[in-house]
Amino acid sequence: MSHHHDSKEPKQKKKVQVATGDRAILPEGATTIPVYIMGKRYEVPETLTIMKAMEYAGFKFLRGAGCRGGICGACPTVYRKPGDYKLHFGLACQTVVEPDMYLAQIPFYPANRAAYKIEDLEPNPEIIFSLYPELFRCVACNNCTKACPMGVDVLGYISALKQGDIARAAEISFDCIQCGMCASRCMGELPQYHIAQLARRMYGRAIMPRARHLAKRVEEIESGKYDEMLKSLQTMSHGELEKRYKEREREPDMAPNGTWLPANDPYL
């Protein structure tokens, strides 16, 4: 009696297609949804951001696609959802598509931008008022804040400036990415983001306390304290540099600011 054994060919691993760069490759079984880009309907994968969905639909970004990481403010988007009277705002590189979105891109908004040399300006609110007199056209409608894709309290920093508080305005507007969405919705036609940028420049140049440790380090560099160490590093082999890098004493990830110093600190 012969024994029969079933044998199976080893399963071949299925190759998974991976998206590289900015190409959008549909995974197997992906669902598509309809969106409207400049009034025309397109079927796009439901998991894509607006920017990638537009590229999937055949659009090519020549302008309005900068960092692709929600930082540069080059891709502001306005959209409306079906059955909703509200306008919604976001960045095309961060906002994921939804069914039946009606999309419009605003990669540039022609808001007034005053010309000045920051070196010549005193940190005085009166200077801001003279460069941007439209500041006082604000009617506190708060459309600017509602339109901000970064959640910045735009009305808050405009109100701070109207009260002459440059430091407060600089603090509130810190996360502004200069996308211009606030200006596009302003009833008073203010260029809020340009005004806030001037406030931050004034604050950084003339109001913010100087960092004593930075001045000390610059002095040490100019004195030649690190010259020998840098010269030594420049003559090391790639292998030695890699070894030193891997063996370096690292700051703990969760160490509170200003609390950690390395055990070996000849160059501090």
Quiz item: Partners of Tyr116 by ring pair (Phe, Tyr, Trp, His ring centres under 6.0 Å), sequence neighbours excluded?
Solution: none
Quiz item: If every non-hydrogen atom of Ile37 is compared with every non-hydrogen atom of Ala57, which pair is closest and at what distance?
Solution: CD1-CB, 4.3 Å
Quiz item: Looking only at heavy atoms, what is the nearest atom pair of Leu91 and Gly70, with distance?
Solution: CD1-CA, 3.8 Å
Self-check item: Test item: Arg168 side-chain N/O and Tyr157 main-chain N/O as donor-acceptor pair under 3.5 Å
Solution: no
Quiz item: Can you say whether the rings of Tyr79 and His88 are parallel (under 30°), tilted (30 to 60°) or perpendicular (over 60°)?
Solution: parallel
Practice problem: Answer yes if Val96 and Leu87 sit in the same cluster of Ile, Leu, Val, Met, Phe, Trp and Tyr residues linked by side chain heavy atoms under 4.5 Å apart, and no otherwise. | Solution: no
Quiz item: Salt-bridged, Lys52 to Glu55, with N to O below 4.0 Å?
Solution: no
Self-check item: Other residues, nucleotides, ligands: >12 heavy atoms within 6.0 Å of Arg244 CZ
Solution: no
Exercise. Can you see which heavy atom on Ile172 is nearest to which on Val152, and at what distance?
Key: O-CG1, 3.6 Å
Quiz prompt | Any side-chain heavy-atom pair of Met38 and Gln105 under 4.5 Å | solution = no
Quiz item: Do other residues, nucleotides or ligands put more than 12 heavy atoms under 6.0 Å from the CE atom of Met187?
Solution: no
Quiz item: Is the side chain of Glu249 donor-acceptor paired with the backbone N or O of Ala263 at a distance under 3.5 Å, no angle test?
Solution: yes
Quiz item: Would you say the side chain of Asp100 lies within less than 4.5 Å of the side chain of Pro34, judging by non-hydrogen atoms?
Solution: yes
Practice problem: Would you mind reporting whether Leu135 and Ile195 have side-chain heavy atoms less than 4.5 Å apart? | Solution: yes
Quiz item: Got a donor-acceptor contact below 3.5 angstrom from the Ser159 side chain to the Leu155 backbone?
Solution: yes
Quiz item: Do Arg200's NZ or CZ and the ring of Tyr203 fall within the cation-pi criteria of under 6.0 Å and 45°?
Solution: no
Quiz item: What's the verdict on salt bridge (charged side-chain N to carboxylate O under 4.0 Å, His left out) for Arg137 and Glu134, showing C-alpha distance, side-chain angles and the deciding distance?
Solution: CA-CA 5 Å; Arg137 288 175 51 87; Glu134 60 268 43; over 6 Å; no
Self-check item: Pro76 to Ile106 - nearest heavy-atom pair and separation
Solution: CG-O, 2.6 Å
Quiz item: Do Gln197 and Cys176 have side-chain heavy atoms sitting under 4.5 Å apart?
Solution: no
Exercise. Run the numbers on Arg113 and Tyr193 for side chain to side chain donor-acceptor pair (under 3.5 Å), then give the verdict.
Key: CA-CA 9 Å; Arg113 184 178 182 185; Tyr193 61 117; over 6 Å; no
Quiz item: Does a side-chain N-to-carboxylate-O contact under 4.0 Å join Glu222 and Lys216?
Solution: no
Quiz prompt | salt_bridge(Glu240, Lys243) N-O dist < 4.0 Å | solution = no
Practice problem: Look at the rings of Tyr36 and Tyr102 and say which category their plane angle falls in: under 30° parallel, 30 to 60° tilted, over 60° perpendicular. | Solution: parallel
Quiz item: Does CZ belonging to Arg248 count more than 12 external heavy atoms closer than 6.0 Å?
Solution: yes
Quiz item: Can you find a pair of side-chain heavy atoms, one from Thr32 and one from Glu46, that are under 4.5 Å apart?
Solution: no
Quiz item: Side chains of Met202 and Leu121: closer than 4.5 Å at any heavy-atom pair?
Solution: yes
Quiz item: Are Tyr56 and Tyr42 close enough, and set up right, to give a ring pair (Phe, Tyr, Trp, His ring centres under 6.0 Å), and what steps lead you there?
Solution: CA-CA 9 Å; Tyr56 179 87; Tyr42 295 89; 9.9 Å; no
Quiz item: Under a 4.5 Å cut-off applied to non-hydrogen side-chain atoms, are Lys86 and Lys81 in contact?
Solution: no
Quiz item: Is Cys186 close to Gln192 at the side-chain level, that is, under 4.5 Å between some pair of heavy atoms?
Solution: yes
Quiz item: Which pair of heavy atoms, one from Ala183 and one from Ala111, lies closest together, and at what distance?
Solution: CB-CB, 4.1 Å
Quiz item: So, for Met51 and Cys75, which heavy atoms are closest and what is the spacing to 0.1 Å?
Solution: CE-CB, 3.6 Å
